[in-house]
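The block underneath contains the structure these notes are about, expressed in structure tokens.
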Protein chains: 2
Amino acid sequence: MEKLLNALRAKGYKMTPQRRAVAAALIKCGKFATAQQLLLQVKQTTPDVSLDTIYRNLSLFVKLGLVTEIHLPGREGNIFEVTTNQHHHHLVCINCGKTECLDYCPISSHDLEKARERDFQIISHALEFYGYCRTCRTAG
Amino acid sequence: MEKLLNALRAKGYKMTPQRRAVAAALIKCGKFATAQQLLLQVKQTTPDVSLDTIYRNLSLFVKLGLVTEIHLPGREGNIFEVTTNQHHHHLVCINCGKTECLDYCPISSHDLEKARERDFQIISHALEFYGYCRTCRTAG
DNA sequence: ATAGTAAATAGTATTATTACTATTTAGGAT
DNA sequence: ATCCTAAATAGTAATAATACTATTTACTAT
């Protein structure tokens with residue numbers, strides 16, 4: 001968590017109790033927390049926090065590459081994960097929402113270079129593989 | 001459009017006027033249509049269509065690989081694009097939402113194989129590069 | 001052509017996500 | 001310690017996306 005907060009300080013962002021609480025909640029909730037789960041966790045220590053603050057800080061973290069947002073189909077909304085040293089992506093079941101990490105990233109520096117040639121300053125990328133997990137495949 | 005409708009028939013899905021209208025709207029709106037834009041277009045020919053139907057059919061098309069959904073940050077919501085013969089991905093400006101096609105896909109069959117080894121039946125994948133377009137970069 | 005059946009729809013409700021505004025606060029300078 | 005200013009927040013509002021139920025409709029077999 002300190003790593004996350006230090007990165008924010010280094011970029012000149014203010015350190016508020018709410019921001020600290022969101023960071024702490026991300027660590028506490030572990031992988032794949034939804035905004036609602038984070039809100040519940042944050043309220044334990046900071047009761048008067050608003051959902052807006054959760055999303056605002058999550059967006060900031062994502063923009064800075066500190067957190068990864070995973071696009072999930074279905075009703076539970078997207079999930080968030082603290083970016084680890086091992087940059088990676090995810091498998092998502094389009095039936096039950098089960099999510100698993102894929103332990104590597106198939107995007108090469110050459111790919112990023114091709115994107116940059118298009119006059120885009122690339123900050124991050126999102127990659128999700130959608131399909132059916134074993135359970136949903138056999139049940140289907 | 002016929003290609004799209006034929007693919008649906010081949011899979012045994014029913015052909016309703018609403019479904020036809022959504023398909024037609026996707027063609028008419030061209031690249032990067034939002035659900036709202038599609039609803040407006042569909043209402044021109046089928047006034048009593050519900051937003052639910054738009055989303056339901058879009059989800060179906062996406063699931064069948066006929067349409068690609070692009071995850072956009074910000075207020076306008078996601079955008080949809082008819083899948084072309086040339087499978088490709090997108091660059092998205094996280095400031096203004098401007099979206100451009102990248103004319104290829106960096107995901108190899110080896111990557112898909114690695115995903116399948118995890119007991120997932122992979123149906124599709126989403127890849128977006130996020131950053132700042134030339135305009136937002138210089139304005140920023 | 002008619003009837004049966006499962007899929008699709010309309011209309012509404014619920015939840016997720018983003019935006020807006022007035023107010024508060026963190027961090028820097030004094 | 002106090003003041004200043006821009007950033008951050010709470011609370012609310014607005015929009016996007018999904019879900020639910022009763023009803024309708026496309027397709028199949030007759």
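Order of the sequence lines fixes the chain letters, A, B, ..., with proteins taken first and strands second; residue numbering starts at 1 for each chain.
Atoms CG (A:Asn57) and C1' (C:dA19) sit 16 Å apart, rounded to a whole Å. Separating the CG atom of A:Asp48 from the P atom of D:dT12 is a distance of 12 Å, rounded to the nearest angstrom. Spacing between atom CG of B:Leu58 and atom P of C:dA8 amounts to 15 Å, rounded to whole angstrom units. Atom NZ of B:Lys11 and atom C1' of C:dA6 are 19 Å apart (whole Å). Taking atom CD1 of A:Ile54 as the reference point, atom C1' of D:dA10 lies 12 Å away to the nearest angstrom. Put simply, CZ on A:Arg19 is 10 Å from P on C:dG27, counting in whole angstrom units. Remark: P of C:dA8 and CZ of B:Phe61 are 11 Å apart, rounded to the nearest angstrom.
Looking only at distances, no side-chain donor or acceptor of A:Ser124 sits under 3.5 Å from a matching main-chain atom of A:Gly65.
In this structure B:His90 satisfies the ring pair (Phe, Tyr, Trp, His ring centres under 6.0 Å) test together with B:Phe32, B:His88, sequence neighbours excluded. Residues passing the ring pair (Phe, Tyr, Trp, His ring centres under 6.0 Å) test with B:Phe129 are A:His125, sequence neighbours excluded. Residues passing the salt bridge (charged side-chain N to carboxylate O under 4.0 Å, His left out) test with B:Glu81, sequence neighbours excluded: B:Lys31.
Comparing the helix axis at one end of the helix from C:dA1-D:dT30 to C:dT30-D:dA1 with that at the other, each defined from 5 consecutive pairs, gives an inter-axis angle of 40° (nearest 10°).
Set against D:dA10, C:dA8, D:dA8, the side chain of A:Ser50 has D:dA10 as its closest nucleotide.
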Apply side-chain contact (heavy atoms from CB on, under 4.5 Å) to the pair A:Val92 and A:Leu72, showing each step before the final yes or no. CA-CA 7 Å; A:Val92 177; A:Leu72 241 63; 3.8 Å; yes

Intermediate values then yes/no, side-chain hydrogen bond (donor to acceptor under 3.5 Å, both in side chains), A:Lys11 and A:Asn6: CA-CA 9 Å; A:Lys11 297 259 183 184; A:Asn6 286 337; over 6 Å; no

Anything under 3.5 Å between a donor and an acceptor, one on a side chain of residues 35-49 of chain A, the other on a protein residue two or more places apart or in another chain? List them.
| residue | atom | partner | partner atom | Å |
| --- | --- | --- | --- | --- |
| A:Gln37 | OE1 | A:Thr34 | N | 2.8 |
| A:Thr45 | OG1 | A:Val42 | O | 3.2 |

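The two residues A:Gln86 and A:Asp103 make their nearest non-hydrogen contact at NE2-O, 3.1 Å.
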Classify every nucleotide of nucleotides 16-27 of chain D by which part a protein heavy atom approaches to under 4.0 Å, writing B for the base, S for the sugar-phosphate alone and - for neither, in 5'-to-3' order. SBBBB-----BS

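A donor atom on one side chain and an acceptor atom on the other are found under 3.5 Å apart for B:Thr53 and B:Arg56.
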